[in-house]
Amino acid sequence: MIASTQVGIIGAGPSGLLLSLLLRRNGVDSVVLERRSREYVEGRIRAGLLESATVELLREAGVGTRMLQEGLVHDGFELAFGERLHRIALKELTGKSVLVYGQTEIQRDLACAAEQVVWEVDNLRPHGIDGNEPRIIYTKDGATHELRCDFIAGCDGFHGASRASIPVNRIRLFEQVYPFGWLGVLADVPPLHHELVYANHARGFALCSMRSATRSRYYLQCPLDADVKDWPDDRFWEELTARLPRALGARLQTGASIEKSIAPLRSFVAEPMRFGRLFLVGDAAHIVPPTGAKGLNLAAADVRVLFTALVDHYRAGSSQLLDEYSARALARVWRATRFSWAFTTLMHRLSDDPFAQRLQLAELEYLAESRAASTAMAENYVGLPFPK
Ligand code: APR
Ligand code: PHB
């Protein structure tokens, strides 16, 4: 079967759905094609920290109501090292806050609002992306379909088909894989602290985050070959307590985990983020390690640049903003890649090298004593503006 639309969107993660909603609000048609079922996509648990610019964009897309009701405004967070705590006062230092609201909830809000989504497609391939008549061929329930469009947005994540369809000599990949992962636990227990706590400890990094006043999200740095089966809840809570300052650890409330998973950490950027009529968006073009939770915020920033360019193209007939998409998105991507890498490097146990550990300590002490250093961290954490 042959169908047509203005923008063919591959992937119904946050990038694809948000792009589709913003386009529709501005009179541009799109169809979203997703490999998985809606239930599967909504069941994925990811980070949950939104920059104010992301909050604004979600509101603009018409999905702000529940987020603003249920999200928790955070004006700061704690850095723990040894027995010390240093609060990064986001609001005081930058005038901005962040919103704690799970990506699982965002995904649900977006999927409820989205209209043109085809779930559970197979064998999807973009075609003709270097010409003027791009199309997406896929199968659904055994039948082959062709979606003709003016542009394709590749919002299909790190393992998707979009980036893979660009000739290898037309794209450059930058990558760093970290020698550890994060073991995450979700539990219906009140959060350890009213703000997030990032802990640097000789036993490894730990993060105490939350989803609500009654649901907590905790992470432990773990070896790459760790297996969740070796981490029963008791062991997890014991290890988390050991990595926190004693006074904080003593307050930890434990309970049965409702989810437990291990994720590897990676930095990755693909340049440019466009080939012909295919535009890469979000995780399809870049991955950051989760320290600082920039992944979703970067994806939202790409969406903002691309939807503005597409709307301008359809309204004014100009391709200038589309031509600038890759450079504008990448300028911000690299700054967030740098911050995520630096925050990861500062907080994790990188090796047994005591020299590296002393350098981390020196930097944490400097952060604790210098308003300028704390401001630099806060500016990055709340989200940098678009470079000029
Ligand atoms: N055909 C169709 N859909 C595909 C294909 C394919 N060949 N390959 C992947 N997909 C779908 C995936 O099933 C997934 O639902 O594309 C979607 C990509 O979604 P995400 O991985 O969430 O990527 P993105 O929307 O860019 O999200 C950016 O949110 O999910 C987080 O870690 C992510 O924080 C980052 C942010
Ligand atoms: C989370 O709540 O999952 C989270 C929060 C902050 C981070 C990373 C993850 O830096």
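Order of listing sets the numbers, starting from 1, for every ligand and every atom in it.
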Exercise for the section: Please confirm whether Arg170 makes a cation-pi placement over Phe275, using NZ or CZ under 6.0 Å from the six-membered ring centre and within 45° of the ring normal. Expected result: no
Problem - Lys NZ or Arg CZ of Arg163 over Phe158 ring: under 6.0 Å, within 45° - result: yes
Handout entry: Closest to atom 1 (N) of ligand 1 among Leu298, Leu296, Leu124 (heavy-atom distance)
Key = Leu124
Problem - Heavy-atom proximity to atom 29 (O) of ligand 1, best of Glu34, Arg46, Gln103, Arg38 - result: Gln103
Exercise for the section: Over 60° means perpendicular and under 30° means parallel, so classify the ring planes of Phe180 and His348, tilted if in between. Expected result: parallel
Handout entry: Aromatic ring pairing Tyr314/Phe151, orientation class (parallel under 30°, perpendicular over 60°, tilted between)
Key = perpendicular
Handout entry: Contact with ligand 1 for Arg44, non-hydrogen, under 4.0 angstrom
Key =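 True for this residue.
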Distance filter under 4.0 Å to [X] heavy atoms, resulting ligand 1 atoms:
{"X": "Gly160", "result": "8 (N)"}
{"X": "Ala299", "result": "28 (C)"}
{"X": "Arg36", "result": "13 (O)"}
{"X": "Gly282", "result": "26 (O)"}
{"X": "Leu33", "result": "2 (C), 3 (N)"}
{"X": "Ala161", "result": "7 (N)"}

Handout entry: Check: His159 N/O within less than 3.5 Å of ligand 1 N/O
Key = no
Practice task
Check whether any N or O atom of Pro14, backbone or side chain, sits under 3.5 Å from an N or O atom of ligand 1, and answer yes or no.
Solution key: yes
Exercise for the section: Any chance you could pull the hydrophobic cluster mates of Leu244, using side-chain heavy atoms under 4.5 angstrom and chaining through other members? Expected result: Leu85, Leu183, Val185, Val189, Leu192, Val197, Tyr218, Leu220, Val228, Trp231, Phe236, Trp237, Leu240, Leu248, Leu252, Ile262
Exercise for the section: Could you name the protein residues that come within less than 4.0 Å of ligand 2, counting only heavy atoms, and order them by chain and residue number? Expected result: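 For ligand 2, the residues that come within the 4.0 Å heavy-atom cutoff are Ala47, Gly48, Trp182, Leu196, Tyr198, Leu207, Ser209, Arg211, Arg217, Tyr219, Pro290, Thr291, Gly292, Ala293.
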Exercise for the section: Examine distances only and state if a side-chain atom of Arg135 and a backbone atom of Cys149 form a donor-acceptor pair shorter than 3.5 Å. Expected result: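 Judged by distance alone, no pair lies under 3.5 Å.
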Problem - Sidechain-backbone polar pair: Asp230 side chain, Ala226 backbone, donor-acceptor under 3.5 Å - result: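 Pair absent, no side-chain N/O of Asp230 close to backbone of Ala226.
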Handout entry: Proximity of Phe174 and Phe268 rings by center, below 6.0 Å
Key =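 Ring-ring flag for Phe174/Phe268: false, centres at least 6.0 Å apart.
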Problem - Approximate separation, where rounding is to 0.5 Å, of Asn380 CG and Arg338 CZ - result: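 Rounded to the nearest 0.5 Å, the CG-CZ separation comes out at 5.0 Å.
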Show every donor-acceptor pair shorter than 3.5 Å between a side-chain atom in residues 73-84 and any protein atom, with sequence neighbours excluded, or say none if there are none.
unit_1 : atom_1 : unit_2 : atom_2 : d
Asp75  : OD1    : Ser97  : OG     : 2.7
Glu78  : OE1    : Arg87  : N      : 3.4
Glu83  : OE1    : Arg246 : N      : 2.9

Problem - Residues forming a salt bridge (charged side-chain N to carboxylate O under 4.0 Å, His left out) with Arg358, sequence neighbours excluded - result: none
Handout entry: Minimum-distance protein heavy atom relative to atom 33 (C) of ligand 1
Key =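 Result: Asp283 OD2, 2.9 Å.
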